Amino acid sequence: MPSLPDEDVREVSGNVPSHKDHPILASLNPQQRAAVVHDDRPLLIVAGAGTGKTKALAHRVAWHIAEGIDPARILLLTFTRRAAAEMLRRAEALVRSLPGTKIASGSSGSLRIWGGTFHAIATRLLRRYGQAIGLPADFTIHDQTDSQDLMHAVRTALGLAKTEKRFPQKATCLAIYSRCINARETLDDVLADRFPWCRPWRLELARLFDAYVERKEKSGVLDYDDLLTHWLALLEDPTAGPHIRGLFDRILVDEYQDTNRLQAEILYALSPEGKGLTVVGDDAQAIYSFRGATVENILEFPHHYPNASVIALEQNYRSTQPILRAANAIMADARRAYPKKLWSGRTSGQKPVLVTCEDEDTQAAHVARQVLEHREAGIALRQQAVLFRASHHSILLEAELQRRDIPFHKYGGLKFIEMAHVKDLLAFLRLAENPRDMVAGLRVLGLLPGIGPARANRLMQALEDQGDFSAWTAIKVPQATAELWPALVALLQHLRGTSEPVATQLDRARAFYQPLLEIAYDNPVPRARDLEQIVQVGMQYADRRTLLAELALDPPSSTQDLASPPRRDDDYLVLSTIHSAKGLEWDVVYVIHAADGDIPSDMATGSAEEIEEERRLFYVALTRAKRWLYVCYPLRYQAGHRSTLAKPSRFLSPTAVACFEHLSAACEWPGAAPNAAEESQARRSIREQTRRYWQ
DNA sequence: ACTAATGTCCTTTTT
DNA sequence: GGACATTAGT
């Protein structure tokens with residue numbers, strides 16, 4: 001008797017009665033349907049780019065609820081909060097559309113699903129159950145910059161800052177530390193594989209990390225890595241562990257290819273048998289190994305859970321076939337663990353265009369012009385996106401867009417929240433929230449004239465010994481500090497005890513900080529405006545603790561999200577790093593700076609693995625496009641008064657290039673655009689005339 | 001002890 | 001070209 005593929009058997013004879021006509025399943029293809037109705041055994045969905053992965057996941061959530069699972073017992077782990085919100089929105093719409101379904105909903109009307117990033121969920125759980133493993137209730141969270149600052153403080157305290165040969169920088173130290181934690185690798189392995197130049201410092205680094213961990217504990221702070229390790233510790237705790245495991249009937253994980261070892265261990269601990277566990281991912285889109293992520297998690301899933309099923313989604317609903325062909329050509333040389341043959345039903349469509357630009361200015365001008373052309377043709381700005389490898393790649397384009405009055409939002413790169421003056425303001429609140437938070441304290445104290453690192457450290461020690469800000473009322477401070485000192489102590493004492501709205505608290509801190517800002521920076525006006533924005537942002541949060549945690553875990557990703565009032569109907573062009581474009585799609589996509597050295601980045605060509613990740617990054621960029629795709633690179637780069645020649649990305653192999661139409665963009669010229677032949681003729685005649693002088 | 005100034009390294013992606 | 005570390009000066 002011929003055997004049928006597992007999925008088919010299960011669909012017919014599974015524990016769910018015939019549901020071909022079920023409204024949740026109506027719009028799904030057979031593979032998606034199999035994934036949605038799969039029972040509570042572990043499931044891996046291998047979903048290629050644009051194959052309706054979000055749709056499948058949202059439908060599966062809705063399906064669970066229709067099955068009678070309590071939404072509050074569903075855990076949905078995503079890569080960004082934005083992704084979680086989108087997924088929940090879709091699931092909720094589906095559930096509401098079901099006749100006779102009433103949703104157990106909170107006052108906000110939304111499903112009470114546990115949705116968010118690993119880090120956000122960890123925070124929620126640790127706030128609620130952290131005391132089981134001895135975590136203080138008022139812990140504060142360090143973002144990457146804070147963690148680096150603390151690493152720096154500890155490094156200085158240990159005397160490692162002034163060694164004969166130069167000790168690794170704070171950022172490097174943190175990167176090594178974080179790699180050990182997230183990838184679960186020993187210091188020796190990490191040093192050997194990724195930081196060979198730091199190997200002579202192995203012993204000092206070990207000492208530094210010990211002190212760093214101890215300092216974090218004393219300060220009552222958690223860094224990003226701690227959120228994960230403490231979640232895992234909670235699960236391994238004999239009393240808390242079973243309780244946490246008992247909270248969830250279904251666990252769904254998006255973007256599984258970009259999770260790291262530590263996150264996989266959390267899942268193992270959360271669901272040892274894989275009961276109710278669904279993970280979705282695409283090994284061809286793994287682009288976060290620099291953060292410790294590994295595709296091994298996907299590859300090992302079926303081995304770790306022997307009764308796991310694997311379902312592949314291969315029909316692409318996003319892109320036209322010509323775009324898909326180009327993207328597939330880029331990936332043709334890559335090793336693929338789960339071979340997928342993506343195909344599209346949309347066979348017609350314009351060939352993607354490879355645009356060779358004279359220089360960077362030409363590239364910016366060309367993209368701006370093309371964007372307007374598409375808008376004229378009826379494609380809104382919001383349906384168009386410009387993607388690039390590094391944040392600074394868009395600077396020239398931003399200027400050009402500003403000049404032409406084209407509105408845009410930029411995602412990725414330096415965040416609003418990372419700017420020095422914003423961090424300053426928030427440090428006041430964080431210190432009030434947790435007086436032991438040394439990084440926040442040193443930051444606040446350092447703002448005052450007359451206080452440098454040495455005195456700030458002593459003041460923090462005094463504060464730690466006494467436990468509250470009254471430790472600072474009697475202390476003697478330098479002449480230069482004396483004037484402001486009482487006001488600072490009063491401010492902190494007030495903030496510490498108050499329960500007034502967090503926006504009011506921010507405003508008090510701002511009032512104190514304003515004069516200091518004017519002294520410290522030569523452009524205080526725009527910075528002061530930023531601070532007012534932060535006060536506005538504060539209105540959206542229930543309390544100080546929530547504000548601080550949310551801003552540390554999921555800061556507003558677009559500067560413009562904050563800078564302009566939320567007018568939903570605004571039309572704007574999207575500018576984004578490729579990393580931040582993950583999971584999104586647009587009608588028109590422009591990939592700029594597709595020159596070798598930018599894609600792949602020169603910073604990431606050290607090993608074959610790194611280069612492969614850059615290839616996948618390029619693939620992710622191309623597969624964001626639905627209907628039009630432009631890949632641009634400048635021929636000349638201006639470096640000082642010298643210009644260097646660039647080559648197109650090495651990923652644009654002859655086979656790949658054949659999938660593109662070709663276009664040369666020259667300097668923009670009023671009137672007729674000069675074509676290549678005309679121009680070379682003009683230059684030939686100049687050359688001939690010049691030569692007469694010496695012939 | 002703190003601030004200002006000069007010299008040297010690194011230059012990416014993000015929870 | 002900007003961050004960072006060390007050095008000299010107040």
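Here the structure is a predicted model, which means the values were calculated and not measured. Here is the naming used below: chain letters follow the sequence lines, and residue numbers restart at 1 for every chain.
- Checked against ring-ring contact (aromatic ring centres under 6.0 Å, His included), A:H393 has the following partners two or more places apart in sequence or in another chain: A:H593.
- Listed by first then second residue, pairs satisfying salt bridge (charged side-chain N to carboxylate O under 4.0 Å, His left out) with a partner in residues 598-610 of chain A number zero, not counting sequence neighbours.
- We find that CG of A:D254 is positioned 15 Å from P of B:dT15, with the value rounded to whole Å.
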Please write out the pairs of protein N or O atoms and N or O atoms of nucleotides 7-12 of chain B separated by less than 3.5 Å, giving the distance to one decimal.
from	atom 1	to	atom 2	distance (Å)
B:dT12	O2	A:R389	NH1	3.1
B:dT12	O2	A:R389	NH2	2.2

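- When heavy atoms are screened at a 4.0 angstrom cut-off, A:R458 is found touching the sugar-phosphate backbone but no base atom.
- Among the atoms of the strands shown, none is found under 4.0 Å from any heavy atom of A:F118.
- Remark: A:F618 engages no residue in a ring-ring contact (aromatic ring centres under 6.0 Å, His included) (not counting sequence neighbours).
- The only member of A:Y212, A:F195, A:Y224 that meets ring pair (Phe, Tyr, Trp, His ring centres under 6.0 Å) when paired with A:Y177 is A:Y212.
- Atom P of nucleotide B:dC2 and atom CG of A:L447 are separated by 14 Å, given to the nearest angstrom.
- In this structure, A:K170 atom NZ and C:dC4 atom C1' are separated by 8 Å, rounded to whole Å.
- Comparing the P positions of C:dC4 and B:dT13 gives an interatomic distance of 15 Å, to the nearest angstrom.
- Ring-base stacking between A:F290 and B:dT13 is satisfied, the centre separation being under 5.5 Å and the plane angle under 30°.
- A:Q257 and A:E255 share a side-chain donor-acceptor pair at under 3.5 Å.
- A:H142 places its NE2 atom 16 Å from the C1' atom of B:dT15, with the value rounded to the nearest Å.
- Across the protein-nucleic acid pair, A:D146 atom CG and B:dT14 atom P stand 18 Å apart, rounded to whole Å.
- Going from atom CG of A:L222 over to atom P of B:dT15 covers 18 Å, rounded to whole Å.
- Of the C1' atoms belonging to C:dA5 and B:dT12, the separation is 23 Å, rounded to the nearest Å.
- Residues passing the salt bridge (Lys or Arg N to Asp or Glu O under 4.0 Å) test with A:R650, sequence neighbours excluded: A:D596.
- Taking only side-chain nitrogens and oxygens, A:T80 never comes nearer than 4.0 Å to OP1 or OP2 of B:dT15.
- Each side-chain hydrogen bond (donor to acceptor under 3.5 Å, both in side chains) pair with one or both residues in residues 437-446 of chain A, not counting sequence neighbours, appears once here: A:T140-A:D437, A:H142-A:D437, A:D424-A:R443, A:R430-A:D437.
- Nearest-nucleotide mapping onto DNA chain B: of A:R455 and A:E613, the residue sitting toward the 5' end is A:R455.
- Atom CG in A:D258 sits roughly 16 Å away from atom P in B:dT13 (whole-Å rounding).
- Between the CG atom of A:L448 and the P atom of B:dA1 there is a distance of 18 Å, rounded to whole Å.
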